[in-house]
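Comments concern the structure below.
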Amino acid sequence: MAGAEEYMEKALDVARRAAETQVGAIRVAAGLVVEATLAGRVFWVFGTGHSHLIAEELYGRAGGLADVRAVLEPGLMLHEGLQKSSLLERLPGLADVLLETNEIAAGDVILIASNSGRNAVPVEFALGARKRGALVIALTSMAHSTATTSRAPGGQRLFETADVVIDNCGVPGDALIEVDGSPERTGATSTMVGALLVQALTVEIVTRLTAAGETPNILRSLNV
């Protein structure tokens, strides 16, 4: 077995492991979002590099929550260049600017996606959000993050700054498949599994809001 078939089988194994082990964390995270929503507070989402795709998965998505607010800083999203994004997400102090301009406040909840969880911006964003009284949900790879050191000035990794941690169960380095003759592994899983986990989170939030007698504000596809 090799190529596409091997990747799909092994990637689905990662997804199954995440589905089997992360339901508890998803339920806790959903509880935080529901409580904030009922109190009139805001659910934010944020990610740097390719992890911004997880923020976009929750923002403006058909079947998703219409009231989600996303922090989508262009320089951190690959659109202005891979090297620029990689360097900016390591830049101490940038998170303070994003927190100030997006007005994250006490009682809010923010989901921060970062596969490695080691760079300054996601870590400092989490720390700054908590300092402002917000609660933080981290979506990260525990295998990767615990195998590496932090680039944040304080030495923390994202999972060490969060109120709830959801593990995408990916391997260190994200790429899954070793191909004979290739110098590096290929076939990342963080986006695929991350999307699965945050969609599960959305369904759990909607289910709980409905059970509480609320009518969730859900986006309907414009193409229907």
Side-chain angles (χ1 to χ4, degrees), residues 25-26 28-80 85 88-89 93-115 117 119-140 158 161-166 168 191 194-210 212 214-222:
I26 288 170
V28 173
L32 298 182
V33 176
V34 169
E35 185 176 344
T37 301
L38 295 177
R41 300 312 307 160
V42 179
F43 178 34
W44 299 83
V45 292
F46 174 57
T48 63
H50 283 95
S51 293
H52 90 268
L53 294 167
I54 303 303
E56 289 197 356
E57 184 67 20
L58 286 165
Y59 178 65
R61 199 74 155 95
L65 297 165
D67 300 323
V68 170
R69 295 190 197 174
V71 179
L72 301 173
E73 172 57 38
L76 294 169
M77 295 169 60
L78 307 176
H79 304 359
E80 297 178 358
S85 172
L88 283 179
E89 70 179 348
L94 178 55
D96 290 334
V97 176
L98 299 176
L99 286 161
E100 190 69 25
T101 55
N102 287 281
E103 299 182 344
I104 291 166
D108 292 349
V109 177
I110 181 157
L111 184 146
I112 302 174
S114 173
N115 189 62
N119 288 308
V121 170
V123 171
E124 291 187 340
F125 201 103
L127 291 170
R130 292 188 71 180
K131 186 176 181 180
R132 286 164 170 77
L135 297 171
V136 173
I137 303 164
L139 176 58
T140 190
L158 180 60
T161 70
D163 296 282
V164 183
V165 178
I166 302 174
N168 67 27
T191 302
L196 174 73
L197 293 169
V198 298
Q199 288 295 344
L201 175 63
T202 298
V203 173
E204 183 71 16
I205 292 167
V206 170
T207 300
R208 290 186 181 215
L209 286 172
T210 303
E214 297 291 315
T215 301
N217 189 9
I218 298 174
L219 288 169
R220 186 170 187 259
S221 172
L222 297 175

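These numbers were taken from a predicted model, which means no experiment stands behind them. If you read the sequence from its start, that first residue is 1, and numbering goes on from there.
Rounding to the nearest 0.5 Å places CG of Asn102 at 5.0 Å from CH2 of Trp44. Summarising the geometry, atom CD1 belonging to Ile26 is positioned 10.0 Å from atom CD1 belonging to Ile205; distances are rounded to the nearest 0.5 Å. Here the CG-CD1 distance, from Leu99 to Ile104, works out to 5.0 Å after rounding to the nearest 0.5 Å. Taking CD from Glu204 and CG from Leu209, the interatomic distance works out to 10.5 Å, rounded to the nearest 0.5 Å. Rounding to the nearest 0.5 Å gives a distance of 10.0 Å between CG of Leu111 and CG of Leu197. Rounding to the nearest 0.5 Å gives a distance of 8.0 Å between CD of Glu57 and OG1 of Thr202.
Heavy-atom minimum distance, Gly31 versus Arg208: CA-NH1, 3.6 Å. For the pair Ser51 and Ser114, the tightest heavy-atom approach, listed with the atom from each and the gap, is OG-CA, 3.5 Å. Of all non-hydrogen atoms in Ala36 and Val109, the two that sit nearest each other are CB-CG2, 3.7 Å. In plain terms, the two heavy atoms of Glu214 and Leu38 that are nearest each other are CG-CD2, 3.3 Å. Here the closest non-hydrogen pair linking Leu88 and Val121 is O-CG2, 3.3 Å. The two residues Val198 and Leu58 make their nearest non-hydrogen contact at O-CD2, 3.7 Å.
Distance alone, capped at 3.5 Å, is enough to place a donor-acceptor pair between the Arg41 side chain and the Ala106 backbone. Here the side chain of Asp108 pairs no donor or acceptor atom with the backbone of Ala134 at under 3.5 angstrom.
Two residues are said to be in side-chain contact when any heavy atoms from C-beta on lie closer than 4.5 Å; Arg132 and Glu100 meet this criterion. Taking the side chain as every heavy atom from C-beta outward, Arg130 and Asp163 approach each other to under 4.5 Å. In this structure, the side chains of Leu98 and Leu76 come closer than 4.5 Å at one or more pairs of heavy atoms. For the pair Glu80 and Pro74, the minimum side-chain heavy-atom distance is below 4.5 Å. Annotation: side chain of Phe46 is not in contact with side chain of Val136 (no heavy-atom distance under 4.5 Å). Between Asp67 and Thr37, the closest side-chain pair of non-hydrogen atoms is not below 4.5 Å.
Other residues, nucleotides and ligands contribute more than 12 heavy atoms inside 6.0 Å of the CD atom of Gln199. More than 12 heavy atoms of other residues, nucleotides or ligands lie within 6.0 Å of CZ in Phe43, so this atom counts as buried by the packing criterion.
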Inset, instruction - Evaluate the criterion side chain to side chain contact (heavy atoms under 4.5 Å, CB included) for residue pair Val33 and Ile137; output intermediate values, then yes/no. - result: CA-CA 10 Å; Val33 176; Ile137 303 164; 4.1 Å; yes
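Note: His79 and His52 have perpendicular aromatic rings, judged against thresholds of 30 and 60 degrees for the angle between ring planes.
Applying the side chain to side chain contact (heavy atoms under 4.5 Å, CB included) test between Val206 and each of Leu65, Leu201, Val34 identifies Leu65 as the sole match. When each of Thr140, Asn168, Thr48 is checked for a side chain to side chain donor-acceptor pair (under 3.5 Å) with Asn115, only Asn168 meets the rule.
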